[in-house]
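Keep in mind that the numbers below use all heavy atoms, side chains included, and drop hydrogens, waters and symmetry copies. The chain is numbered in sequence order, starting from 1.
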Amino acid sequence: MSERPKVVIIGGGFGGLWAANALANKPVDVTLIDRKNHHVFQPLLYQVATAVLSPGEIAQPLRRILHNAKNVEVILGEVVGFDTTNEKVRLEDGSELGFDYLIVAAGARHSYFGNDVWETSAPGLKTLEDAVEMRRRILLAFELAERDAYLTGKQRQLNFVVVGGGPTGVELAGAIADIARQALAKDFKAIDTRKARVILFEGSDRVLGTFTPDLTDSAKKQLEDLGVEVRLNSFVSDIAPGKVKVSDEWIDCDVVLWATGVAASPLGKQLGVETDKAGRVFVETDLSLPGHKNIFIIGDMASIKRENGEPVPGVSPAAMQMGRATAKNVLADLKGKARTDFCYVDKGSMATI
């Protein structure tokens, strides 16, 4: 049996995959555990959700990505808990995996702020399955409207609602408006898809709140030019099948898409340490778990601030940088060298309309 250090990585997203790549063919044995057997390029999920891309164009098997890494094994499974004292990871089927180093990169899911019953009516967008479900609902709405118009001779109003004016919401709203007015306009005979309403609700006074004011103003104008109704300072207080409630007003809609609120994987709370309101784990400057130097929390699960006091954002570049930095610190330990504190390099943000 190998006596090389065992590194267990939980999650095959940007953080976990970049850590695995950085440890490829190094003097450690790596086990990557994920509930799915593929890596998804999440920034393009909205294009799958709006039928611009197919699922296979943004997903690739983890084994294929890591096939040249002779020391990396990919395991399909769901982690449900930890034994940090005995350095073991517990899987859903009851089996356990021991580790010398543990890298937890299980990502995040959308949060409904305590109203989880809304998910049935308003799906979020974090996985490939989410995107496929959104695409099904969007295309089905057009198909049902076409059937109704053909049978009755009248075109009813078709309404799409997107909740949340962050990058995901802006991209979804823009893409739906675009396909309604361009891609699908010639495909339907009984309805005019260009008459479909796309309404974007944002609770603050501007979309893309993390961007500069000039960019948010530009984004709002571009959305409106596409035909999106942008409603600022508008909080969705309730969601029911076929309608949303905004400022005590119920608005009928055919499709509701949820694009606001993020909660870290619940695995963070299984580690027995302090987390923030979103479930992110407060980590040390080297991304290690307080009191456990051989356990690292990275990506959307980590709560850490930059030198300017601002939090490191939950975006893919940050996760990739964390993955590489953690791998370097593991290898530094093995060489008896000092670790390096994580320093996020902000290369900018982008939202595509």
Side-chain angles (χ1 to χ4, degrees), residues 11 13-18 39-50 52-53 58 105 107-111 124-127 130-131 134 162-178 200-226 228 230 232-233 257-265 276-280 283 287 297-325 342-353:
F14 286 106
L17 183 57
W18 258 250
H39 170 77
V40 176
F41 191 78
Q42 284 194 344
L44 291 181
L45 276 174
Y46 81 97
Q47 293 203 17
V48 174
T50 52
V52 177
L53 296 176
I58 69 165
R109 286 287 290 170
H110 35 266
S111 170
L125 186 60
K126 283 293 183 182
T127 68
D130 293 337
M134 279 192 178
V162 178
V163 184
T168 299
V170 164
E171 290 173 338
L172 278 173
I176 294 171
D178 186 56
L200 175 64
F201 290 110
E202 165 55 36
S204 70
D205 59 357
R206 60 194 183 109
V207 297
L208 300 177
T210 60
F211 288 59
T212 58
D214 60 323
L215 289 176
T216 62
D217 291 343
S218 175
K220 181 175 181 291
K221 183 179 185 305
Q222 290 180 53
L223 286 169
E224 291 171 339
D225 288 345
L226 284 171
V228 178
V230 181
L232 303 176
N233 300 306
L257 304 179
W258 187 261
T260 185
V262 175
S265 165
D276 64 14
K277 292 181 180 179
R280 292 182 291 260
V283 296
L287 301 174
I297 314 297
I298 65 175
D300 290 337
M301 291 187 66
S303 178
I304 186 172
K305 292 184 178 181
R306 292 184 270 181
E307 293 180 353
N308 61 5
E310 294 293 321
V312 174
V315 294
S316 56
M320 291 186 282
Q321 291 176 35
M322 287 180 179
R324 287 193 295 262
F342 175 69
C343 181
Y344 172 58
V345 179
D346 189 352
K347 298 182 179 181
S349 300
M350 181 178 71
T352 305
I353 301 175

Checklist entry - Does any non-hydrogen side-chain atom of Phe211 lie less than 4.5 Å from one of Ser218? => result no
Checklist entry - Do Arg306 and Asp346 come within less than 4.5 Å of each other through their side chains, counting heavy atoms only? => result yes
Next on the checklist: What's the separation between atom OG1 in Thr352 and atom OH in Tyr46, rounded to the nearest 0.5 Å?
Outcome noted: 4.0 Å
Checklist entry - Atom CD of Gln222 and atom CD of Glu224: how far apart are they, to the nearest 0.5 Å? => result 11.0 Å
Next on the checklist: Check this for me: does any side-chain nitrogen of one of Arg109 and Asp300 sit under 4.0 Å from a carboxylate oxygen of the other?
Outcome noted: no
Checklist entry - After noting the C-alpha distance and the side-chain angles of Lys220 and Val228, does the key distance pass the side chain to side chain contact (heavy atoms under 4.5 Å, CB included) rule? => result CA-CA 9 Å; Lys220 181 175 181 291; Val228 178; over 6 Å; no
Checklist entry - Got a salt bridge between Asp130 and Lys126, using NZ or NE/NH1/NH2 to carboxylate O under 4.0 Å? => result no
Next on the checklist: Show, in sequence, the C-alpha distance, side-chain angles and deciding distance for Lys221 and Asp225, and conclude whether the salt bridge (charged side-chain N to carboxylate O under 4.0 Å, His left out) test is met.
Outcome noted: CA-CA 6 Å; Lys221 183 179 185 305; Asp225 288 345; 3.0 Å; yes
Checklist outcome for this item: Correct closest heavy-atom pair for Ala325 and Phe342 would be CB-CD1, 3.8 Å
Checklist entry - Is the shortest heavy-atom distance from the side chain of Glu307 to the side chain of Cys343 under 4.5 Å? => result yes
Next on the checklist: Between Val262 and His110, is there a side-chain heavy-atom distance shorter than 4.5 Å?
Outcome noted: no
Checklist entry - What's the spacing between Thr168 OG1 and Leu257 CG if we round to 0.5 Å? => result 11.0 Å
Checklist entry - For Gly299 and Ala319, which heavy atoms make the closest approach, and how far apart are they? => result CA-CB, 3.9 Å
Item to check | Ile298 to Gly16 - nearest heavy-atom pair and separation | outcome: CD1-N, 4.2 Å
Next on the checklist: I want to check something: taking the side chain as every heavy atom from C-beta on, are Val312 and Lys305 in contact at a cut-off of under 4.5 Å?
Outcome noted: no
Checklist outcome for this item: Rounding to 0.5 Å, atoms OG1 (Thr212) and CG (Leu215) come to a distance of 3.5 Å
Item to check | Side-chain heavy-atom pair Tyr344, Pro313 within 4.5 angstrom cut-off | outcome: yes
Next on the checklist: Using 30° and 60° as the class boundaries, would you call the ring planes of His39 and Trp18 parallel, tilted or perpendicular?
Outcome noted: tilted
Item to check | Point-to-point distance, once rounded to the nearest 0.5 Å, from CH2 of Trp258 to CG of Leu125 | outcome: 14.0 Å
Checklist entry - What's the spacing between Ser265 OG and Arg280 CZ if we round to 0.5 Å? => result 13.0 Å
Checklist outcome for this item: Partner of Thr216 under side-chain contact (heavy atoms from CB on, under 4.5 Å), picked from Asp205, Leu208, Thr210, is Leu208
Item to check | side chain to side chain contact (heavy atoms under 4.5 Å, CB included) between Ile58 and Leu45, worked out | outcome: CA-CA 8 Å; Ile58 69 165; Leu45 276 174; 3.7 Å; yes
Item to check | Electrostatic pair Arg206:Glu202 at N-O distance under 4.0 angstrom | outcome: no
Next on the checklist: Is the shortest side-chain heavy-atom distance between Ser303 and Pro311 below 4.5 Å?
Outcome noted: no
Checklist entry - Considering only heavy atoms from C-beta outward, does the side chain of Val207 approach that of Leu232 to under 4.5 Å? => result yes
